[in-house]
Amino acid sequence: MRLSSLLLPTEREPPSDAEALSHKLMVRAGLIRQVGAGLWSWMPAGWRIHQNVVGVIRSEMDAIGAQELLMPTITPAELWKRSGRYDSVDAELFRFQDRKGADMILAMSHEETLTFHIAHIVRSYRQLPLQLYHFQTKGRDEARPRAGLLRTREFIMKDAYSFDRDEAGLDVAYEAQRAAYHRIFARCGLEFYECESDVGMMGGSGAHEFMAPCAAGENDVALAPGYAANVEVASADPQTVPPLREDLHGELHTPGQSTIEALAAGLDVSAGNLLKAFPIVTESRGLTMLFLRGDHRVNEVKLATQLGEPFRPATEEELTAAGQVPGYLGPNPDLPSLYDAALLPGRYVAGGGRPDTHVVVSLEVGRRIDVRTVEAGDTIDGTPITIEPAIEIGNIFKLGTRYSEPMGANYLDQDGKSRPIVMGSYGIGPARVAAAVAEQQGDERGISWPRELAPWDVELVAIGKSGTPEREAADRLYEQLAASPLDVLYDDRDAKPGEKFADAELLGVPLRLTLGKRSLDSGRVEAQRRRGLQDVEDGIALSDAAAQAEALWRELP
RNA sequence: CGGGGCGUGGCUCAGCCUGGUAGAGCACCGCGUUUGGGACGCGGAGGUCGGAGGUUCAAAUCCUCUCGCCCCGACCA
């Protein structure tokens, strides 16, 4: 490809509204252009990268026996009404009506559609197991699109679905996908973590997210050797606090000290010596008191999981009606109480149930639930954890019979008995993969694509204007490279060398060859690896440049 | 949905407070000189100042409404 005829709209400056590195660089490199909030077009070079990610995923999906198909984005709402998601998903679902007034949606994933087909097609255990996948545009009316490609309202997703006779079959499919994901992200040159993730209110017996650490990531991941978990579900041992001052006993007069900060300061104790009350209301339990160590925060995802039902914070009115005093809440025999696992037996200051009063209480050993948010410095097996921002690039999820039951996807087993198919689902966003690479491999000059994803294998930069011997030599070298197994981009523009180098570094093709008068005179071609802007000493011989470039390329990341 | 910010030529921005009929740099077109890290000279093209309404002799500038985009938070099958 000759750069002079390529639509590669590079920019010297990033768009004024860009903050994330990948957003700035991908726009500057001419890979993507914005259409609207969370809506992006791929320019030709960018689309080649996207297609390369797709190619990596496709090859690994095919390698584990998954079969590619294609289902439509526009979906009759009827299917989603059957699964219950038409009502449960709410505002994030794009909804519209066709000309006949029938309710339609833009699918945000395809569990319903594929399960609907499988329900019609699969009758017997002999037809199972199956794994199917597609690449398709997904619509999600995100409340807040952000950071270029990291959170968009329309994006292509690879989603795969497994269909098995039983849980044991699901485990096999899940493991195959899990292993394929490791190969995919490794081939894409990403640093990533497989993290335990929330299985949500849908139940399901397991879920993992694949997280690529980067500054613009919108999830937090807790990390320790051998451990990686989304902070939403992470568990760790709390940092210790010194015991409560010996001289504090019984009732304490604490006027106006209705917050943890004020109370800790007023009593001159650590926030960890306090008992923090978090009153909640749930459907089945009503008003319930949850207690945590004063310096800890509730993790709402973990709490909902522990409760097994949704909850909301209690209102002041509800507390008052129950005879409680907001700001001075403490253990109370009249209300059901829950205690966080970080509350070791010992003495704590708790609300006294009356205004301006706290009491010292002794917590005994008792039932605990783990519902607090972990913090950097907490430990796992004695090792402190760190918390890093990361972007979710893929997930795998054991669905069980969540969709097969409502969609009527059953099969007859060997005994002629009807059973629901056991399912899993497995998603990857290629655009996020590309953006995560840009985040991790971007520098102030541009992006450094790994071989597997790069839009071209090698970029040839010609120095010197057309008609000169060095340009004619570059033209000939381009022809040789074009005939080689390498995909070559030829910067044949009549531009200053500095502009060509700057554009090459922005675009991030892994190997750059430079041919000008200087190199022509010495019979060499300069070669530079984009990763680390590392020059190949003395370049390569012009007479054998195509073969040597290929050899160099094979050793690149 | 709450809070904050921004819409002026393709891009990045100034001008707005204090109203007087639109500017810079880069990019673009022509000619010439240049050619190993984003050149220079001369000439040129390009903007209903997001939109609507209002105030005024006069609105990019003041007022009202509205649309769009970004950031923080909430939300995120």
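Order of the sequence lines sets the chain letters (A, B, ...), proteins ahead of strands, with each chain counted from 1.
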- prompt: Can you find a donor-acceptor N/O pair under 3.5 angstrom joining the side chain of A:R140 to the base of B:A77?
  reply: yes
message: Expressed as a whole number of angstroms, how long is the span from A:R33:CZ to B:C69:C1'?
response: 16 Å
message: Base, sugar-phosphate or nothing for A:K500? Non-hydrogen atoms, less than 4.0 Å.
response: nothing
query: Using atom P of each nucleotide, how far apart are B:G50 and B:G9 to the nearest Å?
result: 8 Å
message: What's A:S109 touching, base or sugar-phosphate or nothing? Going by heavy atoms closer than 4.0 Å.
response: nothing
- prompt: Base, sugar-phosphate alone, or nothing: which one does A:R153 contact when heavy atoms must sit under 4.0 Å apart?
  reply: nothing
message: When you measure only distances, ignoring hydrogens and angles, does the side chain of A:Q34 come within 3.5 Å of the base of B:G68 through a donor and an acceptor?
response: no
task: Looking at every strand, decide which applies to A:E232 at a 4.0 Å heavy-atom threshold: base, sugar-phosphate, or nothing.
output: nothing
message: Please give the distance between the C1' atoms of B:G23 and B:U61 as a whole number of Å.
response: 15 Å
message: With rounding to the closest Å, how many angstrom separate the P atoms on B:A27 and B:C40?
response: 8 Å
message: Distance check needed: B:G32 P versus A:K465 NZ, whole Å only.
response: 11 Å
task: Round to the nearest Å and state the distance from A:E19 atom CD to B:C71 atom C1'.
output: 6 Å
field: Pairwise P distance for B:G30 and B:A22, with rounding to whole Å
entry: 28 Å
- prompt: With a non-hydrogen cut-off below 4.0 angstrom, is A:P15 in contact with a base, only sugar-phosphate, or nothing?
  reply: sugar-phosphate
message: Base, sugar-phosphate or nothing for A:A37? Non-hydrogen atoms, less than 4.0 Å.
response: sugar-phosphate
message: Rounded to whole Å, how long is the line connecting atom CG of A:L533 with atom C1' of B:G37?
response: 12 Å
message: With heavy-atom distances below 4.5 Å as the criterion, would you say the side chains of A:K158 and A:Y426 are in contact?
response: yes
query: Quick one: are A:D475 and A:Y490 in side-chain contact, heavy atoms under 4.5 Å?
result: yes
message: Roughly how many Å apart are B:C26 and B:C67, using the C1' atom of each and rounding to a whole number?
response: 30 Å
message: Heavy atoms only, 4.0 Å cut-off, all strands: where does A:R146 land among base, sugar-phosphate and nothing?
response: sugar-phosphate
field: Distance, C1' atom - from B:A14 to B:C75, rounded to whole angstrom
entry: 38 Å
message: Working note: A:E175 + A:R178, criterion salt bridge (charged side-chain N to carboxylate O under 4.0 Å, His left out); need CA distance, chi angles, decisive distance, verdict.
response: CA-CA 5 Å; A:E175 176 55 28; A:R178 199 187 67 78; 2.9 Å; yes
- line: Heavy-atom closest pair (A:L506 atom, A:R28 atom, distance to 0.1 Å) is CD1-O, 3.4 Å
task: Describe the nucleic acid contact of A:T468 in one word from base, sugar-phosphate, nothing, applying a heavy-atom distance below 4.0 Å.
output: nothing
- prompt: Under 30°, 30 to 60°, or over 60°: which ring-plane class applies to A:H134 and A:H110, parallel, tilted or perpendicular?
  reply: perpendicular
field: d(CG, A:D535; P, B:G36) in whole Å
entry: 17 Å
- request: For A:E92, answer base if it contacts any base atom (sugar-phosphate contacts may also be present), sugar-phosphate if it contacts only those atoms, and nothing otherwise; contact means non-hydrogen atoms under 4.0 Å.
  value: sugar-phosphate
task: Could you tell me whether A:A504 contacts a base, only the sugar-phosphate backbone, or nothing, with contacts defined as non-hydrogen atoms closer than 4.0 Å?
output: nothing
message: Is there a side-chain contact between A:P213 and A:V221 in this structure, where contact means two heavy atoms from C-beta onward sitting under 4.5 Å apart?
response: no
Nucleotide B:A77, atom C1' - distance to CZ of A:R85 in whole Å: 4 Å
- request: Using only side-chain N and O atoms of A:S88, determine if any of them is under 4.0 Å from OP1 or OP2 of B:A77.
  value: no
task: Mark yes or no for a side-chain to base donor-acceptor pair under 3.5 Å between A:T514 and B:G36, with no hydrogen or angle criteria applied.
output: no
task: Take the protein atom CG of A:L513 and the nucleotide atom C1' of B:G36, then report the distance between them rounded to whole Å.
output: 16 Å
query: Any side-chain heavy atom of A:M61 within less than 4.5 Å of one from A:Q177?
result: yes
field: Rounded P spacing from B:G19 to B:A59 in Å
entry: 13 Å
task: Provide the distance between the two C1' atoms, one in B:C72 and one in B:C11, to the nearest whole Å.
output: 27 Å
- request: Give one of base, sugar-phosphate or nothing for A:D503, where a contact means two heavy atoms less than 4.0 Å apart.
  value: base
